[in-house]
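The chains referred to below are lettered A, B, ... by the order of the sequence lines, with proteins before strands, and numbering in each begins at 1.
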Number of protein chains: 2
Amino acid sequence: MRQPATIKDVAQIAGCGVASVSRVLNNTGPASAEMRDRVMAAVNELDFQFSEVGRSLQSSTTRTIGCVVPSIANPVYADAVQGAQDVFLPAGYQTLLICTNYDAEIETQAIRTLIAKHVDGLVLTVSDPETSEALAFIESRQVPHCLLFNMAPTNHTSWSVHDQAAAGRVADAFAENNHERTGFLALKFLSSDRARQRYNGFVEGCARNGMRKPALLEIDESNEDLTDLLGAFLQDNPGITGIFASNDFLALAAIRSARELSLDVPGDLSIVGFDGIGFGSMVMPSLATIVTDPRMLGGGAGETVLSMINGTAAPQTPSPDQTFHFRAGGSLVPLVAESKDDGKVAAFPPSSNPTRKISKSNRRDQNET
Amino acid sequence: MRQPATIKDVAQIAGCGVASVSRVLNNTGPASAEMRDRVMAAVNELDFQFSEVGRSLQSSTTRTIGCVVPSIANPVYADAVQGAQDVFLPAGYQTLLICTNYDAEIETQAIRTLIAKHVDGLVLTVSDPETSEALAFIESRQVPHCLLFNMAPTNHTSWSVHDQAAAGRVADAFAENNHERTGFLALKFLSSDRARQRYNGFVEGCARNGMRKPALLEIDESNEDLTDLLGAFLQDNPGITGIFASNDFLALAAIRSARELSLDVPGDLSIVGFDGIGFGSMVMPSLATIVTDPRMLGGGAGETVLSMINGTAAPQTPSPDQTFHFRAGGSLVPLVAESKDDGKVAAFPPSSNPTRKISKSNRRDQNET
DNA sequence: GGAAGGTATGGAAACGTTTCCATCGTGAGG
DNA sequence: CCTCACGATGGAAACGTTTCCATACCTTCC
């Protein structure tokens with residue numbers, strides 16, 4: 001990498017001091033027209049551009065924001081990052097992106113490096129805001145920052161879906177459709193405070209609606225064997241007619257697994273997801289889910305950080321019920337009275353009752369129409 | 001933001017010169033055990049951490065890589081970025097992410113800034129590698145870089161799907177299924193060399209298979225009216241039985257639009273996508289498509305850049321036919337003889353009945369269900 | 001005992017900026 | 001004619017590192 005021209009080179013060619021070059025180029029301080037011309041000529045000749053690192057050292061500002069999320073393979077985070085960077089870029093800030101892969105160790109390490117690199121602010125989703133070492137460090141260094149998809153501890157601000165309230169809404173939806181026994185399906189339950197919040201909210205919501213406490217099905221990375229796990233889960237917890245998956249991916253995977261188990265969705269089993277990814281409304285049956293707006297949240301977090309940097313008033317964070325809404329879909333239907341009377345039969349294994357038959361033929365119709 | 005401790009503060013507390021602190025902390029040069037202890041004590045007392053910007057100025061290295069893609073809302077790019085950063089992070093490099101939103105102006109501007117920030121390398125997808133101002137600038141500054149999803153001009157290296165060959169494979173697939181008249185559906189045809197490569201490859205493949213030259217349906221941003229556009233397109237180009245969409249999103253949207261037009265997929269119209277996003281195999285009918293591995297490509301581009309930086313041998317870029325494979329799916333079926341005899345009727349309008357009326361009423365049904 | 005060589009250490013230059021301050025004209029006002 | 005103010009300009013310090021070099025001390029060997 002050829003070393004680029006510096007302000008000294010420009011000064012030499014223009015036959016002036018470096019101070020004059022700086023003044024001309026930054027339009028700070030006086031300069032004669034003739035001086036301007038000479039400097040500009042030299043700049044063009046050398047194709048000169050300021051080194052931001054020299055500048056940063058002097059100004060102790062980098063026009064760079066750190067952005068830390070678990071993974072952008074998950075479209076929720078991808079959209080959020082996109083939303084944030086769409087705010088930062090026009091404001092003259094670039095984004096240093098870190099994907100932690102849900103690893104707290106990487107999270108801590110990367111954030112220390114970001115701060116060493118002197119980012120002007122941070123937008124981040126941590127694995128556990130209450131215990132996060134990284135978060136404590138950020139606080140001790142007083143770096144402007146805003147959480148994303150985390151419940152904010154005191155003294156922090158956050159743009160986040162109110163997971164608990166949203167999960168409660170899902171419980172309401174099941175109740176409205178006469179479901180009484182449900183399950184909660186989660187991935188990486190332990191390493192994600194989001195999944196836990198959703199579980200808590202769902203449990204609470206079920207209780208509020210006089211439903212049974214939902215059974216918990218927790219899986220880890222490999223979703224290869226989801227079908228087996230789901231089968232065993234339904235056998236261990238007979239009578240379950242509805243499953244709340246902690247995100248839409250899981251919900252769609254669950255639908256597929258249910259089919260492999262010869263269960264009809266929603267005939268035998270209703271399924272509700274979380275996040276509201278676009279595909280949810282393109283599949284058959286369409287996915288009932290909690291719709292969120294990750295892009296808006298990312299953008300909001302970005303605005304908040306910018307306002308902290310500029311000392312302007314921070315934008316309001318959204319009120320809990322503005323962060324989500326329930327979207328009905330074909331994957332959640334009312335439980336008909338007869339199945340409710342005999343939930344066990346309706347759920348697993350599917351009996352030879354008419355429900356399943358109808359749904360089967362329905363599905364075939366859809367494929368072949 | 002409180003200003004953090006510097007090496008001078010450490011030196012002062014440890015009662016030594018800054019050079020000793022640097023030597024101890026970096027393990028470069030000799031130091032007595034006692035000196036080590038004093039320095040370490042001071043470091044812990046101050047919670048000292050080197051400023052990377054001071055370091056960068058001295059070493060002219062930033063341990064930062066620029067990564068430029070159109071948008072990470074598109075999972076193809078999101079996965080590629082993830083793949084690249086999964087290579088960079090363990091190697092000690094962080095990633096400055098720029099999403100250009102397909103805007104060449106932003107692309108140029110952002111890349112200049114990245115270079116001003118002295119990134120050690122670049123991984124990038126440009127809008128047009130042949131004319132890209134940014135690419136020329138990168139070359140003039142001799143920054144290690146690797147293209148991604150772009151055909152590499154001479155003197156550049158690239159990790160990319162061989163779009164043209166892949167599109168040719170799609171033509172083969174249509175031919176194998178007896179389709180003879182096809183259409184090509186593209187978004188932002190003009191601002192993406194990828195779409196053009198795919199079109200060219202498809203045209204070529206169709207010719208090779210003795211098929212008609214595919215008709216081109218080009219749409220821009222808003223896919224709201226895709227249904228109308230598709231309807232008009234099929235009417236203007238009667239006899240079309242297959243559509244190749246330049247990406248899976250479009251393909252899925254086309255399937256939906258076809259349904260709204262009362263066309264059956266694949267009965268009346270076969271559709272093939274491109275990219276192989278996971279959802280393609282979860283929908284009914286499953287999507288026939290070209291499967292690619294964006295994560296692998298991003299990772300490969302990352303490795304290439306690292307090897308350029310380290311002066312080690314660059315990893316081989318994959319051979320064209322390793323970058324994709326065709327995945328059969330329910331959205332592409334053989335054209336039966338009778339339809340082939342009378343393609344016009346089988347395709348659009350589906351029969352002699354008042355097509356418009358049916359599609360209209362169908363659409364209304366969907367809205368209100 | 002003195003020279004030679006090694007280890008431990010600190011001062012200072014350099015990296016590329018910005019900005020304070022001093023210098024030098026020059027035109028205006030007394 | 002002298003002063004004053006102000007515009008134009010350049011030198012130099014400062015930002016936080018690393019590293020070269022000089023110095024000081026301690027062994028070791030002739």
Side-chain angles (χ1 to χ4, degrees), chain A residues 1-40 42-43 46-64 112-113 115-120 141, chain B residues 1-40 42-43 46-64 112-113 115-120 141:
Chain A
M1 191 155 54
R2 205 183 55 200
Q3 82 286 22
T6 75
I7 197 176
K8 277 181 199 162
D9 302 321
V10 177
Q12 185 167 10
I13 294 207
C16 64
V18 293
S20 295
V21 177
S22 177
R23 271 191 300 259
V24 168
L25 260 33
N26 294 310
N27 238 321
T28 160
S32 66
E34 189 248 350
M35 173 67 80
R36 271 177 220 284
D37 290 345
R38 281 196 347 244
V39 168
M40 283 319 204
V43 165
L46 294 173
D47 199 7
F48 170 77
Q49 200 178 7
F50 280 125
S51 157
E52 287 298 330
V53 9
R55 243 176 177 172
S56 293
L57 184 57
Q58 163 66 26
S59 65
S60 69
T61 226
T62 53
R63 304 212 73 95
T64 302
R112 286 192 87 96
T113 307
I115 290 182
K117 285 188 177 168
H118 230 289
V119 291
D120 293 335
R141 286 291 203 267
Chain B
M1 192 156 52
R2 202 185 57 197
Q3 82 286 22
T6 76
I7 196 177
K8 278 181 197 159
D9 302 321
V10 176
Q12 184 166 10
I13 295 205
C16 65
V18 293
S20 295
V21 177
S22 177
R23 271 192 300 260
V24 168
L25 260 33
N26 294 310
N27 237 322
T28 162
S32 64
E34 188 247 351
M35 172 65 82
R36 273 177 220 283
D37 290 346
R38 278 194 350 242
V39 168
M40 283 319 205
V43 165
L46 294 173
D47 198 8
F48 170 78
Q49 199 178 8
F50 280 126
S51 157
E52 287 297 330
V53 10
R55 247 178 172 169
S56 294
L57 185 58
Q58 163 67 26
S59 65
S60 70
T61 226
T62 52
R63 305 212 71 95
T64 302
R112 287 193 86 97
T113 306
I115 291 182
K117 284 188 178 168
H118 230 287
V119 292
D120 293 335
R141 287 291 203 266

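Atom SG in Cys16(A) sits 10.0 Å away from atom CD in Glu34(A) (nearest 0.5 Å). Interatomic distance, Thr61(A) OG1 to His118(A) NE2, rounded to the nearest 0.5 Å: 8.5 Å.
Between Asp37(A) atom CG and dT9(D) atom P there is a gap of 11 Å when expressed in whole angstrom units. Rounded to whole Å, atom P of dA13(D) lies 13 Å from atom NZ of Lys8(B). In this structure, Leu46(B) places its CG atom 15 Å from C1' of dG16(D), rounding to the nearest Å. Separating the CG atom of Leu57(B) from the P atom of dT18(C) is a distance of 12 Å, rounded to the nearest angstrom. Whole-Å rounding puts the Met35(B) CE to dT9(C) P distance at 4 Å. Going from atom CZ of Arg36(B) over to atom P of dT7(C) covers 13 Å, rounded to whole Å. The nearest whole Å value for the distance from the CD1 atom in Ile7(A) to the P atom in dT18(C) is 6 Å. Summarising the geometry, the separation between CD on Gln12(A) and P on dG16(C) is reported as 14 Å, rounded to the nearest angstrom.
A close approach under 4.0 Å does occur between a side-chain nitrogen or oxygen of Ser22(B) and OP1 or OP2 of dT18(D). Phosphate contact (OP1/OP2 of dT9(C), side-chain N/O of Ser32(B), threshold under 4.0 Å): present. The side chain of Ser20(A) contributes an N or O atom lying less than 4.0 Å from OP1 or OP2 of dG10(D).
Distance from the side chain of Asn26(A) is smallest for dT18(C) among the nucleotides dC15(C), dC15(D), dT18(C). Among dT18(C), dA8(C), dT18(D), the nucleotide with an atom closest to any side-chain atom of Pro30(B) is dA8(C).
Within 6.0 Å of CD on Gln12(B) lie no more than 12 heavy atoms contributed by other residues, nucleotides or ligands.
Each of Gly17(B) and Gln49(A) lies near DNA chain C, and the nucleotide nearest Gly17(B) is the one positioned closer to the 5' end. Ranked by how close their nearest DNA chain D nucleotide is to the 5' end, Arg55(B) and Arg23(A) are led by Arg23(A).
In this structure, Ala31(B) reaches the sugar-phosphate backbone alone: every heavy-atom distance under 4.0 Å involves primed, P, OP1 or OP2 atoms, never a base. Residue contacts shown for Ala19(A) include a base, since a base heavy atom lies under 4.0 Å away.
Residues Ile7(A) and Val18(A) come closest through the heavy atom pair CD1-O, 3.7 Å.
Distance alone, capped at 3.5 Å, places no donor-acceptor pair between the Lys117(A) side chain and the Thr62(A) backbone.
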